[in-house]
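Each remark here refers to the structure printed beneath this line.
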Amino acid sequence: MATTEGLEAIETILESEAPHLLEKKIQTRRVGLPELPNLNGEKPVLRFAPNPNGPLSFGHSRGLVINAQYANDHDGVLILRFDDTDTTVKPPMLEAYESIPREQEWLCGYPAHRIVIASERMDLYHEHARKMLAGGFGYVCTCPAEDFKEHRVGMTECPCRANSVEDNLDGWKRMNDPEGYQPGDAVLRVKTDMTLKNPALRDWPAARIQTNAHPRVGNKWRVWPLLDFQSAVEDHLQGVTHIIRGKDLMDSTRKQTLLYSHFGWEYPETIYWGRVKVHEFGGFSTSQMKKDIAEGLFDDWNDPRLPTLSALSRRGIKSEALRSFWIELGLTQKDIAVPLSTLYSHNTKSIESTAPRLAFIRNAVPLVITGDVERSGNIASHPSEDLGVRSFSFEEGVWVESQDSGKPVRLKDLCDVDADGNVESIERSDKRPIIHWVAGGSPATLRTAEGQNLKLEEGILETHQLPVGTIVQLERIGYAIIEEEGLLMVHD
RNA sequence: GCUCGUAUAGUGUAGUGGCCCAUCAUGAAGCCCUCUCGAGGCUUCGACCCGGGUUCAAAUCCCGGUACGAGCACCA
């Protein structure tokens, strides 16, 4: 038709028959996070569940930011849950129960609506373990780990699987009895199907015996649930509607879904994100950091070289920057490597307008200024915001960086000088480089965290009355935070 | 080995069949600036993993390949 009668004819027909087909859709770029699936107008219940074996770090912040943002956007509930059921491999750290809620509030901008501590809810997990045994969809397995691995790989059932409900209930008693099974002797398993395609799902373990004292509840309990069981039961009890987590936990979802169908529960919506690597942070783990601090490699959890939230905060990284950083990365399942400069650019946006300018001269050399120029005065602390003024006086000499000396330059906000320091013009007269300078000032050290090293740079800092904790912009260098003992670089 | 997942500029990201010779940010380069090479403004650069298929039409759906990642713990 288009060839015989032309496009206009088609347009005319469409206009009268179906005008909506002619409307141009306007391309819109989605901002913020994608819509939460299957919300159906309900208020979502989300949770973030760290192991309190140390303070929160950069790696935790993604889960916290995303969950908190969704909860906030939809007037929902954010649960902060301590998954502290392991006393052996990654034992809980008592201080973390205090620091994590504090760090969570700093990062998210509001406190979690509910705090749940798994070790205080052990009776509920035991209750569900008994229900599982009584319902015949769980069993006590006394096979050595290596033997069970063979069953898992070979798709064969272990002998314990055939035990009666009575046998299992008895086995459960013996697991809980200090005189009975010892750690490693027996484990509670969820009965799934040994011929399942995915080997990870075959009769997975739900609880084991641990005799190490728990820092909060001591030796009150002997049988402790594993993550997949504890988390699954707790999510149901708390009415969690959406689980957002790393895709390394995909098999957990599948395991837990099998458990949910045994119990007759409905599994929450699940969303995953991929792995994020920040090259500059290297391969830090909570347990590794703990070890390094103990060995004196780092001062403490606030050491500026560490990627903990407390260290990041001390270094002048704002929680808003962390939030917009993660929200921009979104929820793709891709494994990504992000440079720290991306986070820094978000941070620049949140600190730029409130950071007073200050000059810091590294490799300082004196500059003798001759000629007609004001020997003292005031300069604005910020080029566009009203952050007051800083004053200078030539009485104690003028310093510039050695790389800037010996050539015609413009002293920023002051005057043009020639290579020898003779004043040539008060107004900017040509395109010569603009440099920063200090009149008077005092010695200071600028510390920069560079990976696992701490770089120290001596220099002369402009005199100022700014309080400790102020984030300043060192002209032509970058942002730094004023500390008791000098300057700590934020980023450039 | 088995299972699962992902593939858009240097780095991230938008995009669910026609708005797309593809969005935005970051980065790099350059320009501007009564004044920061590192602040701000502007400009430019740069991508749909490969091969088939479905369709009038595919970055978008299907199949195969490749690459990368994850799980297969009595850790979380």
Side-chain angles (χ1 to χ4, degrees), chain A residues 2 21 23-31 34 49-53 83-92 118 141 143-145 148-149 152-153 155 183-189 196-202 204-210 223-224 226-228 230-231 245-255 272 274-277 279 285-287 324-325 328-330 332-339 341-346 348-349 352-353 355 357 359 379 382-385 410-416 427-428 431-436 473-479 491-492:
Chain A
L21 290 178
E23 282 171 25
K24 286 244 173 184
K25 276 186 276 174
I26 296 160
Q27 180 175 29
T28 49
R29 179 182 165 77
R30 197 201 76 225
V31 284
N51 179 351
N53 65 335
D83 280 351
D84 58 345
T85 57
D86 171 46
T87 60
T88 317
V89 182
K90 296 172 182 170
C141 176
C143 298
F148 192 85
K149 192 174 180 180
R152 180 168 48 234
V153 174
M155 295 194 180
D185 289 350
V187 70
L188 175 68
R189 290 190 182 281
L196 247 23
K197 272 172 66 181
N198 187 342
L201 315 184
R202 297 170 194 158
W204 54 272
R208 80 315 204 174
I209 304 166
Q210 291 185 118
V223 179
W224 289 83
L226 271 329
L227 169 86
D228 289 319
Q230 176 268 127
S231 175
R245 57 182 171 199
K247 68 173 183 179
D248 53 314
L249 261 24
M250 271 181 171
D251 283 345
S252 272
T253 299
R254 299 183 182 105
K255 289 185 208 173
Y272 306 98
R275 217 175 62 147
V276 174
K277 243 199 268 182
H279 183 256
S285 72
T286 303
S287 18
S324 53
F325 172 79
E328 187 178 274
L329 288 196
T332 63
Q333 291 187 28
K334 282 161 73 173
D335 297 316
I336 54 177
V338 201
S341 57
T342 305
L343 174 62
Y344 292 162
S345 84
H346 284 282
T348 296
K349 286 182 180 72
E352 198 282 322
S353 61
R357 270 50 175 170
I379 299 171
H382 191 284
S384 55
E385 306 294 321
R410 171 152 187 92
L411 301 180
K412 187 174 185 297
D413 299 309
L414 189 68
C415 62
D416 287 359
E427 296 305 313
R428 183 155 168 70
K431 298 259 178 192
R432 68 183 72 191
I434 297 165
I435 67 158
H436 63 299
Q473 190 196 75
L474 300 178
E475 287 180 330
R476 295 174 69 211
I477 296 172
Y479 296 94
H491 51 77
D492 56 20

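The shown structure was predicted, so the numbers you read here are calculated from the model rather than taken from an experiment. What's counted below: heavy atoms across the whole structure, side chains too, no hydrogens, waters or symmetry copies. Lettering follows sequence order; numbering is per chain, from 1.
Panel note: side chain A:Lys90, backbone A:Asn53; no donor-acceptor pair is recorded below 3.5 Å.
By the side chain to side chain contact (heavy atoms under 4.5 Å, CB included) test, A:Asp248 is found to be paired with no residue, residues two or more places apart in sequence or in another chain being considered. Residues satisfying the side chain to side chain contact (heavy atoms under 4.5 Å, CB included) criterion with A:Asp492, sequence neighbours excluded, are A:Met489. A:Lys334 is linked by a side chain to side chain contact (heavy atoms under 4.5 Å, CB included) to A:Thr332, A:Ile336, counting only residues two or more places apart in sequence or in another chain. Under the ring pair (Phe, Tyr, Trp, His ring centres under 6.0 Å) criterion, A:His346 pairs with no residue, sequence neighbours left out. Among residues two or more places apart in sequence or in another chain, the side chain to side chain donor-acceptor pair (under 3.5 Å) test is passed with A:Asp86 by A:Arg208. By the ring pair (Phe, Tyr, Trp, His ring centres under 6.0 Å) test, A:Tyr344 is found to be paired with A:His491, residues two or more places apart in sequence or in another chain being considered. Partners of A:Ser252 according to the side chain to side chain donor-acceptor pair (under 3.5 Å) rule, which considers only residues two or more places apart in sequence or in another chain, are A:Asp228. Taking the side chain to side chain contact (heavy atoms under 4.5 Å, CB included) definition, one finds that A:Pro205 meets it with A:Val187, A:Arg189, A:Leu226, sequence neighbours left out.
As rounded to the nearest Å, B:C32 and B:U36 have P atoms that lie 14 Å from one another. Straight-line distance between the P atoms of B:C48 and B:A22: roughly 11 Å, to the nearest whole Å. Rounded to whole Å, the separation between the P atoms of B:C61 and B:G17 comes to 8 Å. Taking the C1' atom of each, B:A67 and B:C50 are spaced 10 Å apart, rounded to whole Å. Straight-line distance between the C1' atoms of B:C74 and B:G69: roughly 27 Å, to the nearest whole Å. Across B:A7 and B:G46, the matching P atoms stand 25 Å from one another, rounded to whole Å. Across the P atoms, B:U26 and B:U13 are found 16 Å apart, a figure rounded to whole Å. Going from the P atom of B:G71 to that of B:C21 covers 40 Å, rounded to whole Å.
Nearer the 5' end of RNA chain B, as judged by each residue's closest nucleotide, is the contact made by A:His346, out of A:Arg275 and A:His346. Mapping A:Val338 and A:Ser345 onto RNA chain B by nearest heavy atom places A:Val338 at the nucleotide closer to the 5' end.
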| Stepwise side chain to side chain contact (heavy atoms under 4.5 Å, CB included) test for A:Arg357 and A:Lys412 | CA-CA 12 Å; A:Arg357 270 50 175 170; A:Lys412 187 174 185 297; 5.8 Å; no
Could you list all N or O pairs between the protein and nucleotides 6-8 of chain B that sit under 3.5 Å apart?
residue	atom	partner	partner atom	Å
B:U8	OP2	A:Lys334	NZ	2.5

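Atom CZ of residue A:Arg428 and atom CZ of residue A:Arg410 lie 7.0 Å apart, to the nearest 0.5 angstrom. Annotation: the span from A:Leu343 atom CG to A:Ser324 atom OG amounts to 8.0 Å, rounded to 0.5 Å.
Side-chain nitrogen and oxygen atoms of A:Arg254 include none within less than 4.0 Å of the OP1 or OP2 phosphate oxygen of B:U3.
Within 4.0 Å (heavy atoms only), A:Thr332 reaches sugar-phosphate atoms of the nucleic acid but no base atom. Within the 4.0 angstrom heavy-atom criterion, no nucleotide atom of any strand lies near A:Ala355.
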| message | As a check on the pairing definition, encode RNA chain B in dot-bracket form, counting Watson-Crick and G-U wobble pairs whose two distances are under 3.5 Å, and using | for partners outside this strand. | response | (((((((..(((.....[.....)))((((((.......))))))...(((((..]....))))))))))))....
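Checked by atom type, the side-chain pair A:Gln210/A:Thr88 shows a donor-acceptor distance below 3.5 Å.
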| Sugar-phosphate or base contact per nucleotide [nucleotides 33-46 of chain B; S, B, -; heavy atom under 4.0 Å] | S-BBBBS-------
| note | Under a 4.0 Å heavy-atom criterion, the protein footprint on nucleotides 71-76 of chain B, written with B, S and -, is BBSBBB
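Looking at every heavy atom in both residues, A:Ala355 comes nearest to A:Gln473 through CB-N, 4.0 Å.
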